[in-house]
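Encoded as structure tokens, the structure appears first; notes follow it.
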Amino acid sequence: MTAKVVTITSGKGGVGKTTSVANIAVALASRGQRVVCIDGDIGLRNLDVVLGLENRIVYDLVDVIEGRCRLRQAMIRDKRLPELYLIPAAQTRDKTAVSPSDMIRLCDELRPDVDWILIDSPAGIERGFRNAIAPADRVLVITNPDVSAVRDADRVIGILDAEEKGPVSLIINRVNSDMVRRGEMLSVEDVLDLLAVHLIGIVPEDENVIVASNRGQPLSLDGKSRAGVAFQNIARRLMGEEVPFSELETPGLWQRLLGRRR
């Protein structure tokens with residue numbers, strides 16, 4: 001068993017990256033995959049809250065890097081899904097406490113024992129971003145369908161291409177079909193035309209996401225909401241399944257996506 005390291009990143013903050021990491025991790029673990037999440041946002045950890053594990057933290061990522069604990073001691077096991085673990089970020093340190101080589105070494109130690117390592121990257125393109133992409137076998141870039149988020153995503157994709165980090169896939173989050181129809185939001189097709197990158201997920205706007213995150217109960221645990229189903233489908237695509245976008249498509253979208261992939 002050799003894990004695939006997937007870094008989830010974005011150019012702009014607040015696009016739903018951490019929520020997406022939690023939901024994709026839960027979806028993979030619910031399908032029998034052994035998953036470790038690493039919160040790479042040193043100083044501003046949130047992944048533990050979204051997963052409902054904030055009260056169980058003893059050690060964190062920096063403790064492992066600096067040798068104050070063994071790797072296994074910092075891995076928090078989810079009680080709902082025994083194949084899901086979290087290595088939380090440190091709140092009292094900054095991003096200079098970890099280097100890209102540290103992240104590579106940490107992931108190499110984890111690789112033989114798990115199927116997936118998901119890294120929650122801080123937004124932007126500074127040190128935390130460099131740390132998060134260093135060990136990545138694959139990168140998922142998350143954007144909302146608005147001009148500023150797409151512009152920042154384009155910058156991140158350009159950096160990833162220049163550094164030959166990939167393959168890169170795109171998740172378009174918080175798509176509101178009514179706003180798209182009224183011309184108040186970029187359509188999925190518009191975003192794909194601007195970014196020209198492989199699409200792996202479309203997540204619709206869903207008010208239940210905020211409620212679930214606040215409760216530490218990611219929506220993909222039940223998969224009944226539209227957003228929960230979307231995250232489950234992203235996990236299936238990561239695992240190599242051919243999953244259509246049918247339940248989230250706008251008229252004619254699936255045919256255009258098929259054309260893009262040929």
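Here the CD-CD1 distance, from E163 to I133, works out to 4.5 Å after rounding to the nearest 0.5 Å.
Here D63 does not pair with R70 in a salt bridge; the nearest charged N to carboxylate O distance is not below 4.0 Å. One finds a salt bridge joining K17 and D120 here, because a Lys/Arg side-chain nitrogen approaches an Asp/Glu carboxylate oxygen to under 4.0 Å. Salt bridge absent: E109 and R72 never bring a charged side-chain N and a carboxylate O closer than 4.0 Å. Note on E83 versus R31: no salt bridge recorded, every NZ/NE/NH1/NH2 to OD/OE distance being 4.0 Å or above.
Heavy-atom neighbours of E126 CD from other residues, nucleotides or ligands within 6.0 Å: at or below the threshold of 12. R68 CZ: more than 12 foreign heavy atoms inside a 6.0 Å radius. The environment of E207 atom CD is sparse: at most 12 non-hydrogen atoms of other residues, nucleotides or ligands sit within 6.0 angstrom. More than 12 heavy atoms of other residues, nucleotides or ligands sit less than 6.0 Å from atom NZ of K165.
For R236 and F231, the positive end is not near the middle of the six-membered ring at less than 6.0 Å and at most 45° from its axis.
Side-chain atoms of S169 and R138 include a donor-acceptor pair closer than 3.5 Å. Side-chain atoms of S99 and D102 form a donor-acceptor pair, as typed in the model, at a separation below 3.5 Å. A donor and an acceptor atom, one from each side chain of S225 and N208, are nowhere located under 3.5 Å apart.
In terms of heavy-atom proximity, P218 sits nearest to R80 at CD-NH1, 4.0 Å. Taking both residues in full, the closest heavy atoms of P88 and A74 are given as CD-O, 3.6 Å, listed atom of the first, atom of the second, then distance. Contact record, C69 with V64: SG-CG2, 3.8 Å, taken as the closest heavy-atom pair. Across all their heavy atoms, N176 and M185 have their closest contact at N-SD, 3.4 Å. Smallest separation of non-hydrogen atoms from V62 and A90: CG2-CB, 3.7 Å. Summarising the geometry of I200 relative to R237, their closest heavy-atom pair is O-NH1, 2.8 Å, with the distance given to 0.1 Å.
A donor-acceptor pair is defined here as one N or O able to donate and one able to accept, closer than 3.5 Å; no such pair exists between the side chain of D193 and the backbone of D190.
At a threshold of 4.5 Å between side-chain heavy atoms, the hydrophobic network of Ile, Leu, Val, Met, Phe, Trp and Tyr places I57 and L47 in one connected group.
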Listing, residues 147-162 side-chain donor-acceptor contacts under 3.5 Å, not counting sequence neighbours, or none:
| unit_1 | atom_1 | unit_2 | atom_2 | d |
| --- | --- | --- | --- | --- |
| S148 | OG | K12 | NZ | 2.9 |
| S148 | OG | D146 | OD1 | 2.9 |

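Residues in residues 169-180 take part in these salt bridge (charged side-chain N to carboxylate O under 4.0 Å, His left out) pairs, two or more places apart or across chains: D178-R181.
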